[in-house]
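Working notes, structure below.
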Amino acid sequence: MKQYNADVIVIGSGAAGLAAAIEVKKANLSVLVIERDKELGGITLQCIHNGFGLKEFEEELTGPEYIQRFINQIKELEIPYILNTMVIEISNDKKLYAVNNEDGLIEIKAKAIILAMGCRERTRGAINIPGFRPAGIYTAGQAQRFVNIEGYLPGNTFVILGSGDIGMIMARRLTWEGCKVKAVVEILPYVSGLLRNQVQCLEDYDIPLITSYTVTKIHGRDRVKGVTISKVDRNFDRIIGSDKFIECDTLLLSVGLIPENELTLNAGAELSKNGGPVVDNNLETTIAGIFTCGNVLQVHDLVDLVSAEAKRAGQNAVEYVKNRYDKKSSKKEIIKCLSGENVNYVKPDRINKRDLSKDIIFTLRVNYPDRRVLIQLKDNNNNLIYKRKKIYVIPSEMVELIVNLEKNGIDPKCKSINIEVIPRPEVLIEEE
Amino acid sequence: MILNLSESSQSIVKVIRCIVCPTGCEIQAKKNPKGQISFEGYTCERGLEYAEQEFYEPKRILTTTMRVENGLLPLIPVRSDKPILKDKLKDVLKEIAKIKIKAPIQMGDVLIENILELGANVIASRNLIKIS
C-alpha cells in the first residue's frame, strides 16, 4: 500500500483547503492536499461570474481568477497535492485511507487534519416534490458545472426553484446562453440571495421572481413538461386554489446546501445543529488536532470569508502540531455558545476558557429579517457581556462579531453564553 | 430636521438599487423643474458613482465561456476586462460564441482584442493546460 506522511493533511482543494494549506506551509510544516476532482480549485472554478476578491485582494475577480491566485501560490510554494483521490476513512489515530485509480488504497499519516470538503446540494428528494420522475430535474450547481465546465446545456426552458445566489446567477447564465428562464420561485416571502444578484441577474433580464410560492408538482413522464407552483401560507403549507401551471422542460433546484459530513462523522467528531461540525474558537472539532473551515463548517456568503476562516484553521493546526501534538491532552474547560432569539446558529459552538483573553470571532445567521436590532451576548446568569447595534439583519447575510470576552468582563466561571438578536428598545432608537 | 422646501419640487425619475455593497441603498435620481438630475439616498462615494453610471450609461462586466481545442476542459471561462454597455452584451456573447481557441491558455491572456470596438478586451479567467 502506498503511504504518505505529512504534519498536516488538508482534505479538499477548494477555496478553504488551499488557503489553509498555504498557511501551514508558510509556517514551515509539511502539508499535503487531497482532491477528488481532476484539478485543484473546487466549486469556485465553476463560479465564472465576477464579484469575488474584494476583501481578499481588493479587486473584483471572477471565481476562476480568484482561485487561480491560490493555485499559483500552491505551485510557487511547492505544496504537494494528489488529485483524483477520494478520502474514504479517518481513523482515530489520524490515519487517513484514500483511494484512486492508479495507486488503489493509500494510507496517509498526519499529525493534524484540516477538513475542507465543502457542501453538496439539497436535491428533490430532500424537499419531496410530488409528481413523476422525468429527465430534466437538476440542482443549480450541477447545471452550473454542465454549462460552465463541461459545455452542455441541460435544457431550453427553465423554472428555477429557490432564489439563493446560485439559482439567480444560473438564471442569468442560462439567459445569456439563449435559454428561456420562465421564473425563479421562492418559498419565502423575500429573496434568499444577495441584492446585487437580484438586481443584476433577474431584474436586468425581466425574469419574474415569484415569492411565497413553491413547486408542488412536476409534470411529464419522460421529460419535464412543466411544473405546478402554489402559493404557501406562513407555515409553508400550500394554499388550495392558488395553483398555477408553468410550461418548461427543465427544473433547477437551488434549495440549500448540506455539509459533506461523512468524514467528519467517520473521524468521530460531533455535529452541531447547523449541520456542520461542532468547533471551538480555534476551529478545532471535538477531536483534538482535527480542524475545519469553509462551507463544510458553515455556508458562507462570500468566498473571501472562506479564505479568511481557512487561514485561521491553518494557523491553529500549526499551533497544534508545534505545541500540543506531543503532549497529553488536558481536559478542556469550555464555555458553550447558545443560539437565542432570532439566531439560527452561531459559531464557534464553544470557547476554551484558556482563550478568554483572545479576540473571539463569532459568526451567526438570523432566522428572519429584522431592522434596528441589538445583538446581545449574555452569560447563563443573565449578565450582559456585550451588545452591538445593527441597522438590519437578514438570513442570507452572515453576521460577524469580534469580541474580547475578558475585556468585556465575562465571568470566567460561567457555563454558557447566549447570543440573541432582539428588536432595539425604543430608548436606543431615539438615540440615533 | 428642517425641511428643505426646494426638495419637494423635485420629481423622482428613477430608483436605483445600489449593488456596490450588501447594504443595498435605494438611490433616487431626481429631476428639478429646470431638468437637472441629482441623486439622493447614497451613503458613500462609490454609491454615487454607481448611480450616475447606472442612470446615464449602464454597463456590466461580461463573464461567459469560450470553446477550446485540445484543452483539459472543452471550455474556458472568460470575461471582459472593462464593463461593456448593457445593451451590447447580447452582441458580444454572440461574437464570443463564434470563436474556438487553442490550449494552453494563461489567465489574463487577451483572447479577443477590443471586441466589437467597444473598448474592452475578452480575457481568460484561468490557466488551462493542453492535453495531447
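By convention in this document, chain letters (A, B, ...) are assigned in the order of the sequence lines, proteins followed by strands, and residues within each chain are numbered from 1. What you see below is based on every heavy atom in this structure, not just the backbone, and it leaves out hydrogens, waters and symmetry mates.
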Between B:Cys18 and A:Leu195, the two heavy atoms sitting closest are O-CD2, 3.6 Å

Tightest non-hydrogen contact, residues B:Pro77 and A:Ile48, listed as CB-CG2, 3.5 Å

In this structure, are over 12 heavy atoms from other groups packed under 6.0 Å from [X] atom [atom1]?
{"X": "B:Lys14", "atom1": "NZ", "value": "yes"}
{"X": "B:Lys88", "atom1": "NZ", "value": "no"}
{"X": "A:Glu78", "atom1": "CD", "value": "no"}
{"X": "B:Arg46", "atom1": "CZ", "value": "no"}
{"X": "B:Ile131", "atom1": "CD1", "value": "yes"}
{"X": "B:Glu69", "atom1": "CD", "value": "yes"}

Take A:Glu65 and B:Ile123 through the test side chain to side chain contact (heavy atoms under 4.5 Å, CB included) and record every step on the way to the result. CA-CA 11 Å; A:Glu65 286 173 316; B:Ile123 62 171; 4.2 Å; yes

Among B:Ile61, B:Asn127, B:Ile76, B:Leu93, the residue with the most heavy-atom pairs under 4.5 Å to chain A is B:Asn127

Heavy-atom cut-off 4.5 Å, strictly under: side chain, backbone, both or neither for [X] against chain B?
{"X": "A:Glu177", "answer": "side chain"}
{"X": "A:Asn72", "answer": "side chain"}
{"X": "A:Tyr205", "answer": "side chain"}

Per-residue tally against chain B (heavy atom, under 4.5 Å) across A:Leu54, A:Val199, A:Ile149 peaks at A:Ile149

From the list A:Arg196, A:Gln68, A:Glu150, A:Arg69, the residue making the most non-hydrogen contacts under 4.5 Å with chain B is A:Gln68

If we only count heavy atoms from C-beta on, is the [X] to [Y] side-chain gap below 4.5 Å?
{"X": "B:Thr65", "Y": "A:Arg173", "result": "yes"}
{"X": "B:Leu73", "Y": "A:Glu39", "result": "yes"}
{"X": "A:Asp204", "Y": "B:Arg60", "result": "yes"}

Per-residue contact mode, [X] against chain A (heavy atom under 4.5 angstrom):
{"X": "B:Ile96", "result": "neither"}
{"X": "B:Arg67", "result": "neither"}
{"X": "B:Lys90", "result": "neither"}
{"X": "B:Leu89", "result": "side chain"}

| request: Using a strict 4.0 Å threshold on nitrogen-to-oxygen distance, state whether B:Arg79 and A:Glu60 make a salt bridge. | output: no

Here the gap from B:Met107 atom CE to A:Ile71 atom CD1, rounded to the nearest 0.5 Å, amounts to 9.0 Å

TODO: Tell me yes or no: between the side chains of B:Thr63 and A:Arg172, is some donor less than 3.5 Å from an acceptor?
DONE: no

